[in-house]
There are 2 protein chains.
Amino acid sequence: MASGPVASPRKEADSPRNFFAEKSRACGYCELRSKGFCSRLSENQKALLAEVSRLVTLESHKTLFRQGEEADNVYVVRNGMLRLYQRMLDGRRQVIGFAKAGDLLLFPFSERNDYSADALDSVYLCQFRRQDFLGLLQREPELLSALAVITHDELTRARYQIALLSQRKAEPKMAQFLLALFESCARPDSNPMAIPVRVPQADIADYLGMTVETVNRTMARLVRDAIISVAKHGLDLLDVKRLREIAESY
Amino acid sequence: MASGPVASPRKEADSPRNFFAEKSRACGYCELRSKGFCSRLSENQKALLAEVSRLVTLESHKTLFRQGEEADNVYVVRNGMLRLYQRMLDGRRQVIGFAKAGDLLLFPFSERNDYSADALDSVYLCQFRRQDFLGLLQREPELLSALAVITHDELTRARYQIALLSQRKAEPKMAQFLLALFESCARPDSNPMAIPVRVPQADIADYLGMTVETVNRTMARLVRDAIISVAKHGLDLLDVKRLREIAESY
DNA sequence: TGGTTCGTATGATCCAGATCAATTCCCATC
DNA sequence: GATGGGAATTGATCTGGATCATACGAACCA
C-alpha cells in the first residue's frame with residue numbers, strides 16, 4: 001500500500017452526508033482486508049467494525065493526535081504514511097516508527113495517547129471511537145486475541161529497533177533501516193522496491209539515534225554508489241544485494 | 001520482589017510427590033497476587049491458573065529456555081531475576097530486559113520462543129504448558145485482555161529502552177538504566193533502594209549498546225562519587241538525587 | 001595446589017560520528 | 001519571478017567512547 005500513485009483520499013468522507021454511505025461499504029472494498037490488523041478478522045467481525053468506523057483523511061504534515069492527550073479514538077491506516085514519535089523528558093524527540101497501511105494506531109485500553117502521529121503524506125484512515133472499539137472487544141473475544149497478537153507484533157518490531165540502535169556503525173544501521181522500510185512498503189507487483197514517500201532525514205535521524213548530518217552523509221554515499229536513488233516523492237532501491245551486504249557488514 | 005534475603009526456592013517443587021500440594025495452594029500464598037500479571041486477575045481466574053500451574057526452580061546461571069526453540073511453556077516469575085536476550089544475525093547478543101517477580105515470560109500465541117532467558121540468581125517460577133494457557137485464554141476473555149494489556153506494558157518498556165539507546169552520552173544512559181532498575185526492584189519497606197542481584201557488566205553493556213569497558217568506567221565513577229555502591233550480591237543506591245541529576249544531564 | 005577461566009579493572013590510542021558553521025536547494029507563496 | 005524558510009548538503013574540527021592490551025582477583029575443578 002501507499003505505493004505507486006496514491007489514490008487521493010476522498011474529502012467527502014468527512015461530510016455527514018456521505019458518512020453513512022462510506023460506512024456501509026468501508027470494509028467490503030478495502031484492500032487491507034488481506035493486510036495488517038484487519039486481515040486477522042472474520043467477515044463478521046469486519047462487518048461489526050465497519051459498523052462503527054468512520055473514514056477520515058489527513059493532509060500531509062498535519063498532526064493526527066498528540067502524546068498525552070485523552071485517547072478518544074483509535075485508527076487503522078488505509079493509505080499513506082505517518083511518523084510516530086514521543087517527546088522525551090529532556091526534550092529530545094524519539095521517532096518510534098513509521099505507520100503504513102494496515103497498522104493499528106493507539107492501544108484501545110490506554111486512556112491517553114502514548115505517542116504523537118503526523119502525516120508524512122496524504123493519509124487515509126479508519127477512525128473508531130475508542131469506547132466503541134472497547135465495546136466490540138468485550139463482545140468479540142476473537143477481536144481481543146487479534147489485538148493481543150498485533151500488540152505483540154509491535155513489540156517484536158520495537159525489539160528490532162532496539163537491535164538497530166545498539167549497532168555502533170552508521171552504515172549498517174542505515175542499511176538495515178532502509179531494507180526494513182523497503183520491505184514493509186513492498187507490494188507483490190512493484191519491482192524494484194520503492195518507498196513512495198519522502199521521509200525527512202530528520203525523522204530518520206530521530207529514529208536511528210544519529211544526527212541529520214550523519215544521516216545525510218550516509219545516504220549520500222549510498223546514492224553515489226548507486227545502491228539507492230532519491231526520486232521526486234520517495235526512494236528507489238537499486239541494488240538489494242549490496243544493501244544487504246552493507247547491512248550485514250557491522 | 002527478589003529483594004532482601006531471597007527465600008530459597010523449594011527444590012521439592014519438582015518432585016511429583018509434592019506437585020499436587022504445591023499446585024492447590026500455588027496462588028493462595030503467592031505474594032504476587034498484588035503484582036504484575038497475576039494482579040490483574042480475579043480470584044476465580046487465579047484459581048483456574050493455579051489448576052494448571054507447576055512450580056519450578058532454576059539455579060543461577062542456568063538457561064530456562066532458548067530463542068528459536070519450540071515454545072512448550074510460558075512462565076510467571078515468582079522470585080529472582082533473569083536476563084532476556086536475543087541473538088542477532090551478526091552474532092551480537094542483545095539483552096532486551098531483566099525479568100523480575102510478576103513478569104510473564106514468553107507470549108502464549110507464539111509457537112517459538114522469541115528470546116532466551118538465563119537465571120541471574122536462583123529463580124522460582126510458575127510454569128504453564130502453553131496449550132493449557134491457550135485453553136484458559138479461550139475460555140476466559142478477561143485473561144485475554146489481561147494478556148493484551150501486559151503485552152502493551154512490555155511494549156512501553158521496550159520504547160523506554162529505545163529512548164535510552166538513542167542517548168549519546170554514556171553517563172546519563174547508565175544513570176537512567178540504574179534508576180529504572182532500582183525502581184523496578186523497589187519494595188515499600190526497603191529504604192534506601194537496592195538491587196538484590198549482581199548484574200554482570202557484560203549484560204548491562206549488551207542492554208545499553210556499549211562496551212564492557214565503558215560500562216565499567218562509568219560505574220566506577222558513580223561508585224567513586226558515592227552515588228551507588230556495590231554490595232556482595234547487588235547494588236545499593238546511595239544518592240538518588242544526584243543519580244537523577246546525571247540521568248537528566250543528557 | 002596449581003591452573004584455567006571468567007568477570008572486573010585500567011591505561012593508551014584511535015577514529016567515527018557529534019558538533020559547529022555555512023551554503024545551497026527546493027518549493028510554496030506572494 | 002522575487003522572496004522567504006525549512007530541509008538538505010558540505011566542510012572543518014573536536015571528542016567521547018570504541019578498540020587494543022594487559023593485569024588482577026575470585027571461583028572452579030582436576
Side-chain angles (χ1 to χ4, degrees), chain A residues 59-63 83 90-93 95 118-122 164-175 177 195 197-225 228-235 246 249-250, chain B residues 59-63 83 90-93 95 118-122 164-177 197-225 228-235 246 249-250:
Chain A
E59 286 168 33
S60 187
H61 300 128
K62 298 282 182 198
T63 298
R83 66 164 163 249
D90 57 23
R92 265 186 321 124
R93 189 188 65 151
V95 171
D118 304 337
L120 285 181
D121 60 347
S122 285
L164 254 191
L165 282 164
S166 56
Q167 281 270 19
R168 320 191 178 306
K169 307 278 180 190
E171 266 213 312
K173 226 164 154 173
M174 193 70 190
F177 164 72
I195 296 162
V197 186
R198 185 161 244 300
V199 181
Q201 295 183 351
D203 292 340
I204 301 179
D206 287 350
Y207 181 86
L208 293 177
M210 346 193 285
T211 59
V212 251
E213 292 93 327
T214 305
V215 168
N216 183 287
R217 287 187 246 259
T218 311
M219 288 195 58
R221 215 173 312 143
L222 293 176
V223 171
R224 252 198 307 284
D225 297 352
I228 59 173
S229 74
V230 288
K232 45 283 138 212
H233 285 299
L235 276 185
I246 294 172
S249 70
Y250 94 107
Chain B
E59 285 168 33
S60 188
H61 299 129
K62 299 282 183 198
T63 298
R83 66 162 162 250
D90 56 24
R92 265 185 322 124
R93 187 189 68 149
V95 172
D118 305 338
L120 285 183
D121 59 347
S122 287
L164 255 192
L165 282 163
S166 54
Q167 279 271 20
R168 319 190 179 309
K169 307 278 181 186
E171 267 215 311
K173 226 164 152 169
M174 193 67 190
Q176 285 174 42
F177 164 73
V197 187
R198 185 160 244 299
V199 181
Q201 296 182 351
D203 292 341
I204 301 179
D206 287 349
Y207 181 86
L208 294 178
M210 349 193 282
T211 58
V212 250
E213 292 94 326
T214 304
V215 168
N216 184 288
R217 284 188 246 259
T218 310
M219 285 195 59
R221 213 172 313 144
L222 292 175
V223 171
R224 252 198 307 284
D225 296 353
I228 59 173
S229 75
V230 289
K232 48 277 138 221
H233 285 299
L235 275 184
I246 294 172
S249 70
Y250 97 108

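Below, chains carry the letters A, B, ... as their sequence lines are ordered, and counting in each starts from 1.
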For nucleotides 20-28 of chain C, which of its nitrogen or oxygen atoms have a protein nitrogen or oxygen under 3.5 Å away, and what is each distance?
unit_1 : atom_1 : unit_2   : atom_2 : d
C/dC20 : N4     : A/Glu213 : OE2    : 3.0

Between [atom1] on residue [X] and [atom2] on residue [Y], distance to nearest 0.5 Å:
{"X": "A/Leu120", "Y": "A/His233", "atom1": "CG", "atom2": "NE2", "result": "13.0 Å"}
{"X": "B/Ile228", "Y": "B/Arg221", "atom1": "CD1", "atom2": "CZ", "result": "11.5 Å"}
{"X": "B/Thr214", "Y": "B/Met219", "atom1": "OG1", "atom2": "CE", "result": "13.0 Å"}
{"X": "B/Arg83", "Y": "B/His61", "atom1": "CZ", "atom2": "NE2", "result": "7.0 Å"}
{"X": "A/Ile246", "Y": "A/Asp225", "atom1": "CD1", "atom2": "CG", "result": "6.5 Å"}
{"X": "B/Gln167", "Y": "A/Leu165", "atom1": "CD", "atom2": "CG", "result": "11.5 Å"}

In whole angstroms, how far is the [atom2] atom of [N] from the [atom1] atom of [X]?
{"X": "B/Glu59", "N": "D/dC28", "atom1": "CD", "atom2": "P", "answer": "12 Å"}
{"X": "A/Leu120", "N": "D/dA7", "atom1": "CG", "atom2": "P", "answer": "12 Å"}
{"X": "B/Asp206", "N": "C/dC6", "atom1": "CG", "atom2": "P", "answer": "16 Å"}
{"X": "B/Asp118", "N": "C/dG7", "atom1": "CG", "atom2": "C1'", "answer": "16 Å"}
{"X": "B/Met219", "N": "C/dG7", "atom1": "CE", "atom2": "P", "answer": "15 Å"}
{"X": "A/Ile246", "N": "C/dA16", "atom1": "CD1", "atom2": "C1'", "answer": "16 Å"}

Side-chain (B/Arg168) to main-chain (A/Gly209) donor-acceptor, under 3.5 angstrom: yes
Phosphate-side-chain proximity, A/Asn216 and D/dA8, N/O vs OP1/OP2 below 4.0 Å: no
C/dC6 OP1/OP2 closer than 4.0 Å to side-chain N/O of B/Gln201: no
Salt-bridge contact B/Arg93-B/Asp203 (side-chain N to carboxylate O under 4.0 Å): yes
Donor on one side chain, acceptor on other, A/Asp121 and A/Ser60, under 3.5 Å: no
Identified side chain to side chain contact (heavy atoms under 4.5 Å, CB included) partner of A/Asp206 from the options A/Val215, A/Val212, A/Val95: A/Val95
Nearest heavy-atom neighbours spanning B/Lys173 and B/Lys169: CB-O, 3.3 Å
Distances under 3.5 Å between protein N/O atoms and the N/O atoms of nucleotides 15-17 of chain D, please, pair by pair.
unit_1 : atom_1 : unit_2   : atom_2 : d
D/dG17 : OP1    : B/Ala170 : N      : 2.5

Axis-to-axis angle between the two ends of the helix from C/dT1-D/dA30 to C/dC30-D/dG1 (five base pairs per end, rounded to 10 degrees): 40°
